[in-house]
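Heads up: the structure comes next, in structure tokens.
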Amino acid sequence: MRRVLRDLILLYPKAWRRRYQHEFEALLGDVSPSWGTLFDVLGGALKMQMKIWTPGKIVAAFALTGVVGAAVYSLTIPNRYVSTAVVKLITAPQETGEAQAQLERILGRASLQRIINEQDLYKKERTREPIEDVIQQMKREDIRIGISAVPPGAVSISFTSTDAAQAQRTTERLTSQLLNADVGQLLDAANLPVRPASPRRSRIIIMGLLLGVTVGMLFALFTGLKVWKLAMALGAAGFVLCAAVSYAVPDRFSSTAALRYKAEDTSRLREMTGAVTSSESLHAMVVKFGLYPNDPGADRKLSEHLHIQEIPNTRAITIQFDYPDQRIVQRVTQNVVSLFVKQNWNFEVIDAPNFPQNPYSPNRAVIAGGGLFLGFLAAVALRMTGRSGHSVAAGV
Amino acid sequence: VTRNNDPALLVLASLANGDKHGYAMMEDIERFSAIKLGPGTLYGAITRLEESGWIAPVPSEDRRQPYTLTALGRKSLESELAALDNVLKTALRRLRHA
């Protein structure tokens with residue numbers, strides 16, 4: 001340990017070593033070596049180095065730290081593999097109801113619980129959470145059922161797992177329910193994923209690099225301008241102020257549903273959408289759900305927040321509504337879905353309206369981070385315009 | 001150069017009663033303040049204080065380099081201690097009257 005301590009002196013700047021190396025070695029020979037002493041000498045070397053570093057060196061050091069930190073962090077995230085199968089649903093009118101029922105059955109509680117038990121999924125989660133929560137997590141995070149544009153009428157079924165073989169087995173199991181009910185035809189069997197879909201380590205490392213460069217630039221700037229105290233004070237004030245403002249902004253939730261038009265001729269789709277979003281229909285929804293209370297422009301606001309869009313080449317439409325109340329947002333979306341389905345317009349529900357667990361807006365972390373950054377900028381601006389009398393008292 | 005409880009202030013206080021080398025300062029500081037300074041921290045403070053002209057090395061044949069308080073350092077220490085003394089007395093007075 002004593003030898004390691006002596007070797008650490010080499011980390012101090014050359015000019016410092018010329019003046020202090022011999023006496024510092026003598027001191028290290030007197031003290032009892034320990035891990036605390038080792039870190040203290042390392043810290044001392046770093047401080048001495050930073051005193052003489054140019055801004056470029058500071059930024060490079062922070063960037064390197066960011067890259068190494070991000071690389072280490074990315075290694076702690078387990079790999080996640082996605083296996084996907086594609087099934088073409090049988091679209092004969094008398095069978096589409098059965099196909100939809102099977103899709104809903106796949107995502108039903110009984111079906112998913114059976115698959116969880118068979119495949120021994122979520123071992124850890126099942127020991128500490130009720131099975132209902134585990135099923136919800138499976139539906140929300142790991143199963144994806146999407147509309148495939150090519151060929152029309154095809155659905156892709158994916159499952160994500162930390163085990164590639166398990167992802168494939170579970171996707172096969174989910175798909176087999178459609179195939180066994182004779183409502184779909186297998187176009188592409190569940191693949192065995194070779195490469196993980198996440199985490200994207202290169203992206204994490206690039207983020208670490210960018211963060212390191214940004215922090216390094218701020219550090220070099222604050223040190224050069226000697227505005228550390230002012231920057232910290234204004235940054236903290238900006239952070240707190242913007243965080244407080246973000247909490248004054250009401251949450252907004254969004255619910256989305258997807259429908260598929262079963263008839264071949266899609267020329268009437270626009271006309272049907274127009275009927276659902278007619279002023280009478282919108283007004284009826286405003287009254288029924290008590291939307292935008294005391295707002296004379298409620299009907300107009302509903303038309304602004306309700307989005308019905310065709311997905312090109314799929315004969316499918318998505319319905320999306322956003323509102324400050326998470327229960328109402330789902331009920332209104334469900335109501336719009338009902339308007340399409342109950343009119344006998346030949347629509348089927350592919351994706352029922354979701355209940356939004358979290359608001360999509362405001363993004364409080366980004367707002368508070370913006371406040372912090374603005375505080376930093378204000379400190380630099382004040383210093384550069386000479387309005388700040390602050391200096392670093394112990395900056396020697 | 002110094003702040004309350006700053007290693008530099010502790011080094012100045014240690015040198016107030018005579019010249020000392022690094023290890024002697026570490027032992028002395030631990031004795032009077034119960035703060036154990038590491039060698040890296042101690043030499044960080046010594047470097048700052050010497051650059052500011054508050055302490056100076058004393059010629060010595062030994063590998064251990066003793067330091068002495070300069071006139072500027074003594075004056076600065078006195079002014080720091082006066083400020084600290086004011087804080088101390090005010091706090092004690094307020095505690096007694098609370």
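Just so it is clear: chains get the letters A, B, ... in the order the sequence lines come, proteins before strands, and each one is counted from 1.
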| note | Whatever's closer than 4.5 Å to a heavy atom in chain A on B:Glu27 counts as neither
| query | Is atom CE of A:Met207 surrounded by more than 12 heavy atoms (other residues, nucleotides or ligands) closer than 6.0 Å? | reply | no
| query | Where do A:Leu27 and B:Met26 land on the side-chain contact (heavy atoms from CB on, under 4.5 Å) test, with the steps shown first? | reply | CA-CA 10 Å; A:Leu27 175 63; B:Met26 281 169 72; 3.6 Å; yes
| query | Between A:Ala26, A:Gly29, A:Gly36, A:Gly44, which residue shows the highest count of heavy-atom pairs closer than 4.5 Å to chain B? | reply | A:Ala26
| query | So with a 6.0 Å cut-off around OH of A:Tyr73, is the heavy-atom count from everything else above 12? | reply | no
| remark: Bottom line for A:Phe39: the part with an atom under 4.5 Å from chain B's heavy atoms is neither
| remark: Output for pair (A:Tyr20 OH, B:Gln65 CD), nearest 0.5 Å, gives 9.5 Å
| note | Which of A:Arg19, A:Lys47, A:Met48 passes side chain to side chain contact (heavy atoms under 4.5 Å, CB included) with B:Thr47? It is A:Met48
| request: Report yes or no: does A:Asp40 contribute a side-chain atom to a donor-acceptor pair with the main-chain N or O of B:Thr41 at less than 3.5 Å? | output: yes
| field | Of A:Asp30, A:Ile9, A:Thr37, the residue whose pairing with B:Pro39 passes side chain to side chain contact (heavy atoms under 4.5 Å, CB included) | value | A:Thr37
| field | Salt-bridge contact A:Glu23-B:Arg64 (side-chain N to carboxylate O under 4.0 Å) | value | no
| field | Enclosure of B:Arg63 CZ (heavy-atom neighbours >12, cutoff 6.0 Å) | value | yes
| Does a sphere of radius 6.0 Å around OH in A:Tyr360 hold more than 12 heavy atoms from other residues, nucleotides or ligands, not counting ones at 6.0 Å or beyond? | yes
| task | Evaluate whether atom CZ of A:Phe239 has more than 12 neighbouring non-hydrogen atoms of other residues, nucleotides or ligands under 6.0 angstrom away. | result | no
| field | Closest-packed option against chain B by number of heavy-atom pairs under 4.5 Å, given A:Leu28, A:Val41, A:Leu5, A:Leu42 | value | A:Val41
| request: Take A:Trp16 and B:Tyr43, measure what side-chain contact (heavy atoms from CB on, under 4.5 Å) needs, and give me the verdict at the end. | output: CA-CA 10 Å; A:Trp16 187 91; B:Tyr43 260 81; 3.9 Å; yes
| A:Arg195, CZ atom: more than 12 neighbouring heavy atoms under 6.0 Å | no
